[in-house]
Amino acid sequence: MSVFNAVLKSTKACLATIIVYFAVFSIFGTLSAKSQATSIDTMFEDSIVTVAITDNDDSAISRGLVEFLRETQDVVDPQTTSYVEMNDNVRFGIYDYALIIPEDFSVKLISGEKDDLLEYIAPGATASQYLLTQKIRTYLNNVMVYLNCGYSEEKAIELTNENMVKLSNTKVTIMDTSDENHRTFYTKMFVFMAYALMMILGVSISSVLTFTKNTDVKHRINVSGMHFKSRNFAIIAGVLCVGFVITTGAIFIATVGATDNNSKLPFYCINVYFLMLVGIGMAYMITSLTTNESLINMVTNMLVLPMSFFCGVFIDLQFLSATLVKIAHFLPLYWYTANVRFIKDTPINNIWGKTFFEYLLIELLFACIFFATGLIISKKKEQYAV
């Protein structure tokens, strides 16, 4: 019991560290979650792009394309013929998209060429720009279909414009109107918490455990008559209490930033408390390797930052290569973020099931691996008086 109490009292020495990390999480976590949170009912809405067009071909097809863009987008004069200036204008937001139609555009199109007919500046940088590029390609493909079917250029352009304008007016209707299934604030907040909580626990719990590694404190514990297993059990119980308080505080910060309630919150919380075990286990392993505070911070960053990038915390998994995603399967944060996505995408009545518990079990296994590694290292160091 004395060892347990000593661990709890040692938290006073690292209160400043805990407060700093909580402040970082509360500020950047909330800002990140609110900036990225969108609702599904507006996610697929088309948006109007400001397009600067230079038509050097001035053919019937090029004029038809420009007319189509005038009806569906905000077409402006580029006010320059310099590629460099147009590129700068796109980069600085003067207009969103620049389209240059070369002189031999219609001749190449009719002859059957399809690649590199148009010149784009900064297409695909955003979803709207990428979608506009696809619309332009679809427009040209439709014109060629009509021409190959025997229609005249005028009729082909007229029919293509008519059909493409109708398609541009298509609206998306969400059949599922349940609010809780469309919120993503909690998803973003709890995904970001994976990095923040692991850093807070890694540094804070390591600082607490470093107290028990102090030469004077260590000698006092060693002569107390407590068995090795009992001493370590008391230390682990103490850090579990500290970790629980820290994790509960992180959850409180995550929920305070929300503007509404979410009935899935208990499932998010359960997932976070299992991540707490992973963070404590990692901290215990780190302090079994070193008690130097500078090295603890460095090692914690070396472990948590790569995991955050590989496991979908900072970068969505869809933008990572298949190889990196396969590697991420061997990291605990992958299964935590996978569970967050599972909770978000699953109706609340179906969450409590096999998949949810499998993800939690894998997180628990990683925590056990970290704890076991730390215990083995500590036992060997004590045996050989390292």
Side-chain angles (χ1 to χ4, degrees), residues 25 28-29 32-33 35-40 43 176 178 180-202 243 247 250-251 253-255 257-258 262-283 285 300 302-371:
F25 171 59
F28 290 100
S32 174
S35 65
Q36 297 182 52
T38 58
S39 60
I40 293 177
M43 187 181 301
D176 179 8
S178 176
E180 65 191 19
N181 292 330
H182 299 309
R183 296 193 190 102
T184 57
F185 175 86
Y186 280 98
T187 304
K188 299 298 181 182
M189 197 68 180
F190 280 96
V191 165
F192 185 81
M193 188 187 292
Y195 166 74
L197 186 61
M198 289 290 284
M199 286 299 302
I200 294 173
L201 291 174
T247 304
I251 292 174
I253 291 174
T255 55
N262 193 323
S263 56
K264 293 182 179 180
L265 181 60
F267 297 102
Y268 287 115
C269 293
I270 293 172
N271 195 33
V272 171
Y273 281 117
F274 272 79
L275 180 67
M276 174 197 74
L277 299 177
V278 177
I280 293 175
M282 183 189 70
M285 182 188 69
T300 303
M302 288 176 61
L303 290 174
V304 177
L305 274 176
M307 280 198 292
S308 299
F309 279 105
F310 292 163
C311 300
V313 176
F314 296 149
I315 303 174
D316 197 282
L317 291 177
Q318 65 178 320
F319 300 116
L320 299 178
S321 67
T323 302
L324 289 179
V325 174
K326 289 180 180 178
I327 295 174
H329 281 71
F330 297 94
L331 302 173
L333 288 190
Y334 173 85
W335 301 101
Y336 168 81
T337 56
N339 216 3
V340 172
R341 292 190 299 272
F342 172 75
I343 294 169
K344 179 184 76 73
D345 297 332
T346 306
I348 189 169
N349 295 330
N350 299 332
I351 295 176
W352 199 262
K354 180 182 177 182
T355 302
F356 180 69
F357 287 113
E358 282 181 350
Y359 290 156
L360 295 180
L361 177 60
I362 294 173
E363 292 178 52
L364 183 60
L365 288 175
F366 275 106
C368 292
I369 291 171
F370 285 139
F371 273 119

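Below, all heavy atoms of this structure are taken into account, side chains as well, without hydrogens, waters or symmetry copies. Heads up: numbering here begins at 1 and tracks the sequence.
- Closest approach of Leu201 to Ala283, counting heavy atoms only: O-CB, 3.7 Å.
- By the side-chain contact (heavy atoms from CB on, under 4.5 Å) test, Ala194 is found to be paired with Leu275, Val313, Leu333, Tyr336, residues two or more places apart in sequence or in another chain being considered.
- Residues that satisfy the side-chain contact (heavy atoms from CB on, under 4.5 Å) test with Leu360, not counting sequence neighbours, are Ile270, Asn271, Phe274, Asn339, Phe356, Phe357, Glu363.
- Residues Met193 and Val340 are not in side-chain contact: their nearest non-hydrogen atoms beyond the backbone lie 4.5 Å or more apart.
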Set out, in order, the CA-CA distance, both residues' side-chain angles and the distance that settles side-chain contact (heavy atoms from CB on, under 4.5 Å) for Leu364 and Trp335, then state yes or no. CA-CA 10 Å; Leu364 183 60; Trp335 301 101; over 6 Å; no

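- Every residue meeting the side-chain contact (heavy atoms from CB on, under 4.5 Å) condition with Ala196, not counting sequence neighbours, appears here in chain and number order: Phe25, Phe192.
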Derivation and outcome, side-chain contact (heavy atoms from CB on, under 4.5 Å), residues Ile280 and Phe370: CA-CA 9 Å; Ile280 293 175; Phe370 285 139; over 6 Å; no

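- Listed by first then second residue, pairs satisfying side-chain hydrogen bond (donor to acceptor under 3.5 Å, both in side chains) with a partner in residues 274-283 number zero, not counting sequence neighbours.
- From Ile200, atom CD1 reaches atom OG1 of Thr300 across 12.0 Å, with rounding to the nearest 0.5 Å.
- Looking at residues two or more places apart in sequence or on another chain, you find a side-chain contact (heavy atoms from CB on, under 4.5 Å) between Asn350 and Thr346, Pro347.
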Name the atoms and distances for all side-chain donor-acceptor pairs under 3.5 Å in residues 303-311, with sequence neighbours left out.
residue, atom, partner, partner atom, Å
Ser308, OG, Val304, O, 2.9

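- In this structure, the side chains of Phe366 and Met282 stay at 4.5 Å or more apart for every pair of heavy atoms.
- For residues 322-332, every residue pair satisfying the side-chain hydrogen bond (donor to acceptor under 3.5 Å, both in side chains) rule, not counting sequence neighbours, is listed here: His329-Tyr334.
- A donor-acceptor pair is defined here as one N or O able to donate and one able to accept, closer than 3.5 Å; no such pair exists between the side chain of Lys264 and the backbone of Ile348.
- Rounded to the nearest 0.5 angstrom, Phe267 CZ and Phe190 CZ are separated by 13.0 Å.
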